[in-house]
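In what follows, a single structure is set out as structure tokens and then discussed.
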Amino acid sequence: MSAVDLFEAYALPARAVRTPFVRCNMVSTLDGATSVQGRSGPLGGPADRRVFHVLRSLADVVLVGAGTVRSERYGPARLDDDLRVRRISEGRSPVPPIAVVTGSGDLDWRASFFTDAEVRPLVFVAGAARRRIGERAQRVANVVVAGEERVDPRLVLEHLGRAGHRSVLLEGGPTLNSAVLRAGLLDELCLTMPPRLVAGDGPRLVTGPELARPLELEIVHLLEEDGLLFFRLAVPRS
Ligand SMILES: NC(=O)c1ccc[n+]([C@@H]2O[C@H](COP(=O)([O-])OP(=O)(O)OC[C@H]3O[C@@H](n4cnc5c(N)ncnc54)[C@H](OP(=O)(O)O)[C@@H]3O)[C@@H](O)[C@H]2O)c1
């Protein structure tokens with residue numbers, strides 16, 4: 001992969017079938033675990049970090065579930081200078097905003113994820129949680145109600161599209177991936193696969209009951225570095 005121009009390899013489609021285009025980026029072991037001891041960091045490596053940052057730099061907005069923000073102790077988006085300069089030259093913010101999906105509103109509003117963010121985060125909440133989180137959240141984030149009991153991913157993407165975002169980078173976790181996939185909103189999966197078995201009970205890429213029809217993805221590319229495989233997979237449009 002070292003000889004590959006990652007910006008070319010991961011370039012977003014010039015004409016997406018629909019807007020915003022939703023690309024999911026995940027790491028999974030050969031036996032399907034997306035975390036060990038509750039964290040995904042140990043599964044990747046330097047090459048995975050490179051791809052992670054390139055994908056963030058290409059995205060208009062990052063979308064993530066509250067479980068991942070809590071378990072991975074998400075910080076504010078940071079990009080190296082060259083990636084920032086590239087975004088600025090394209091008329092975009094130096095880093096993409098991060099949008100969090102929560103049903104409970106159980107987030108630490110004093111965490112650096114909110115207080116040190118260069119671009120104000122968005123929080124998509126279910127209506128019930130909106131009443132509970134009150135003013136604290138509003139001071140550090142743009143809070144949007146997108147559903148009553150659960151957050152409806154369709155409403156999330158409609159909101160992001162109306163805000164002018166043409167590409168969404170979904171960074172998991174499995175519960176949010178599942179909601180987006182089952183709503184038929186996923187366009188692409190970028191999957192890093194280390195050649196490793198871990199067993200245990202780390203969640204798979206998507207949760208919930210078996211799909212009525214398996215989803216067959218198309219390989220756009222398959223790269224390798226340090227034994228890690230990097231799949232770019234397209235979800236075919238029916
Ligand atoms: N390998 C990887 O690339 C990768 C990437 C990301 C995460 N992970 C791993 O995944 C694990 C976390 O899994 P997870 O499934 O809990 O992650 P998640 O999808 O990030 O979080 C689940 C939580 O997000 C909120 N949420 C998601 N969809 C929602 C919806 N439609 N409506 C309302 N709320 C919604 C809920 O938050 P509330 O509880 O606040 O209501 C829910 O409890 C961690 O161990 C993490 O390390 C791995």
Side-chain angles (χ1 to χ4, degrees), residues 1-28 34 40 43-64 68 76-99 118-119 122 153 156-172 176-177 180-181 183-194 205-206 215-238:
M1 186 168 83
S2 49
V4 172
D5 179 337
L6 292 180
F7 291 97
E8 272 178 30
Y10 288 100
L12 289 157
R15 257 174 293 153
V17 176
R18 70 173 162 229
T19 307
F21 181 83
V22 181
R23 161 186 276 173
C24 177
N25 183 33
M26 293 288 289
V27 186
S28 166
T34 60
S40 64
L43 299 178
D48 180 57
R49 295 302 296 171
R50 262 193 359 259
V51 170
F52 177 88
H53 283 112
V54 167
L55 294 184
R56 274 199 170 184
S57 77
L58 290 169
D60 284 350
V61 58
V62 172
L63 183 65
V64 65
T68 298
R78 299 273 186 255
L79 289 174
D80 288 345
D81 283 349
D82 53 333
L83 298 179
R84 294 168 64 86
V85 167
R86 198 178 174 112
R87 284 181 63 93
I88 293 165
S89 72
E90 292 164 356
R92 301 191 293 154
S93 57
V95 295
I98 303 184
E118 206 171 330
V119 186
L122 288 112
V156 170
L157 292 177
E158 274 171 30
H159 180 92
L160 294 174
R162 277 198 305 275
H165 298 304
R166 285 158 304 141
S167 66
V168 174
L169 179 63
L170 171 61
E171 291 186 343
L176 182 58
N177 291 350
V180 172
L181 177 81
L185 298 170
L186 189 69
D187 294 301
E188 187 173 298
L189 174 63
C190 294
L191 177 65
T192 301
M193 190 168 266
L205 293 171
V206 284
L215 185 62
E216 310 287 345
L217 306 186
E218 291 164 0
I219 298 180
V220 179
H221 74 219
L222 174 55
L223 306 172
E224 185 274 339
E225 186 164 314
D226 298 333
L228 274 75
L229 301 178
F230 295 86
F231 288 90
R232 180 177 177 185
L233 302 149
V235 178
R237 291 276 127 239
S238 48

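Here the structure is a predicted model, which is why all the values come from computation and not from measurement. These values consider heavy atoms only, across backbone and side chains, with no hydrogens, waters or symmetry-generated copies. In this chain, residues are counted from 1 in sequence order.
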Atom pair CZ/CG of Phe52 and Leu79 - distance to nearest 0.5 Å: 9.0 Å
Validation row: Phe7, Val54 side chains within 4.5 angstrom (heavy atoms): yes
Within-4.5 Å side-chain heavy-atom neighbours: Leu55 and Cys190: yes
Closest non-hydrogen atom pair, Leu58 against Arg92: O-NH1, 3.4 Å
Closest contact, heavy atoms only, Leu169 versus Ala59: CB-CB, 3.6 Å
Close side-chain approach of Val235 to Asp187, heavy-atom, < 4.5 Å: no
Side chain proximity check, Leu205 to Leu191, heavy atoms < 4.5 angstrom: yes
Heavy-atom pair of closest approach, residues Arg232 and Pro13: NH2-CD, 4.2 Å
Side-chain donor/acceptor of Arg166 to backbone N/O of Asp60, under 3.5 Å: no
Distance-minimising heavy-atom pair for Pro96 and Ala77: O-CB, 3.7 Å
Closest non-hydrogen atom pair between Val64 and Glu171, with its separation: CG2-O, 4.3 Å
Backbone N/O of Val95 and side chain of Arg78: donor-acceptor pair under 3.5 Å: no
Atom pair CG (Leu43) and OG1 (Thr34), whose distance is rounded to the nearest 0.5 Å: 7.5 Å
Separation between CG of Asp48 and OG1 of Thr192, rounded to the nearest 0.5 Å: 4.0 Å
side-chain contact (heavy atoms from CB on, under 4.5 Å) assessment of His159 paired with Leu122: CA-CA 11 Å; His159 180 92; Leu122 288 112; 4.1 Å; yes
For Ser40, all residues meeting side chain to side chain donor-acceptor pair (under 3.5 Å), sequence neighbours excluded: Glu72
Between OH on residue Tyr10 and CG on residue Leu223, distance to nearest 0.5 Å: 5.0 Å
Student check: side-chain heavy atoms of Ser167 and Arg23 closer than 4.5 Å: no
Main-chain N/O of Met193 paired to Ser28 side chain as donor or acceptor, under 3.5 Å: no
N/O donor-acceptor pair under 3.5 Å between Asn177 side chain and Val206 backbone: no
Summary of salt bridge (Lys or Arg N to Asp or Glu O under 4.0 Å) pairs that have at least one residue in residues 218-227, sequence neighbours excluded: Arg50-Glu225
Worked verdict on His221 versus Phe230 for ring pair (Phe, Tyr, Trp, His ring centres under 6.0 Å): CA-CA 8 Å; His221 74 219; Phe230 295 86; 8.7 Å; no
For Cys24 against Leu186, the heavy-atom pair lying closest together: CB-CD1, 3.7 Å
Under the side chain to side chain donor-acceptor pair (under 3.5 Å) test, residues paired with Glu216 that sit two or more places apart: none
Point-to-point distance, once rounded to the nearest 0.5 Å, from CG of Leu6 to NE2 of His53: 13.0 Å
Check against side-chain contact (heavy atoms from CB on, under 4.5 Å), Glu188 and Leu12: CA-CA 10 Å; Glu188 187 173 298; Leu12 289 157; 5.9 Å; no
Point-to-point distance, once rounded to the nearest 0.5 Å, from CZ of Phe231 to CD1 of Ile219: 5.5 Å
